[in-house]
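All residue numbers in this chain count up from 1 along the given sequence.
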Amino acid sequence: MHSHLHTPYNINCEEIMTALDECHAQGFLHKALGNCNDIKREVNKCLSEQRYARAKQNRDQARENRRRIEKIWADEKVFEGVPAAAAAAEGK
């Protein structure tokens, strides 16, 4: 079983997902004969693109947070009196 698809994360795919729901509502035989397969592929493609965009945003945010934390650590070492060159050598 998959998770619920109609979420705020997938709002850009709402139109395609609604079309798939309407296709499935036409009955089992319609669905079983593969008449909804093209729409299903479009939904998969759209959801994949949305997931990729969220993952990229999360990675970028994590990198920025890491840079910020490392700057704070470097500033603390300078404040404690450890030379910047020695602090940089410790980190490697």
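Judged as a salt bridge (charged side-chain N to carboxylate O under 4.0 Å, His left out), not a single pair has a partner in residues 11-26 (not counting sequence neighbours).
Other cluster members for Ile72: none, since no ILVMFWY side-chain heavy atom sits under 4.5 Å from it. Connectivity analysis of hydrophobic side chains (ILVMFWY, heavy atoms under 4.5 Å, direct or indirect) links Leu33 to Leu29.
Listed by chain and number, the residues in a side-chain contact (heavy atoms from CB on, under 4.5 Å) with Glu70 are Arg66, Trp73 (sequence neighbours excluded). Taking Asp38 as the reference, Arg41 meet the side-chain hydrogen bond (donor to acceptor under 3.5 Å, both in side chains) condition, with sequence neighbours excluded. With sequence neighbours left out, His24 forms a side-chain contact (heavy atoms from CB on, under 4.5 Å) with Leu20, Lys31, Cys36. Ser48 is linked by a side-chain contact (heavy atoms from CB on, under 4.5 Å) to Arg51, counting only residues two or more places apart in sequence or in another chain. Not counting sequence neighbours, the partners of Lys71 by the side-chain contact (heavy atoms from CB on, under 4.5 Å) test are Asp75. Partners of Glu42 by side-chain hydrogen bond (donor to acceptor under 3.5 Å, both in side chains), not counting sequence neighbours: none found.
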Please set out all donor-acceptor pairs under 3.5 angstrom arising from side-chain atoms of residues 52-61, sequence neighbours excluded.
| unit_1 | atom_1 | unit_2 | atom_2 | d |
| --- | --- | --- | --- | --- |
| Lys56 | NZ | Asp60 | OD2 | 3.0 |
| Asn58 | ND2 | Arg54 | O | 3.4 |

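Note that CE of Met17 and CG of Asn10 are 5.0 Å apart. Values are rounded to the nearest 0.5 Å.
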For this session: Walk me through it: do Lys77 and Glu80 pass the test salt bridge (charged side-chain N to carboxylate O under 4.0 Å, His left out)?
Result: CA-CA 5 Å; Lys77 289 199 184 246; Glu80 292 172 355; over 6 Å; no
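Two residues are said to be in side-chain contact when any heavy atoms from C-beta on lie closer than 4.5 Å; Lys45 and Ile16 fail this criterion.
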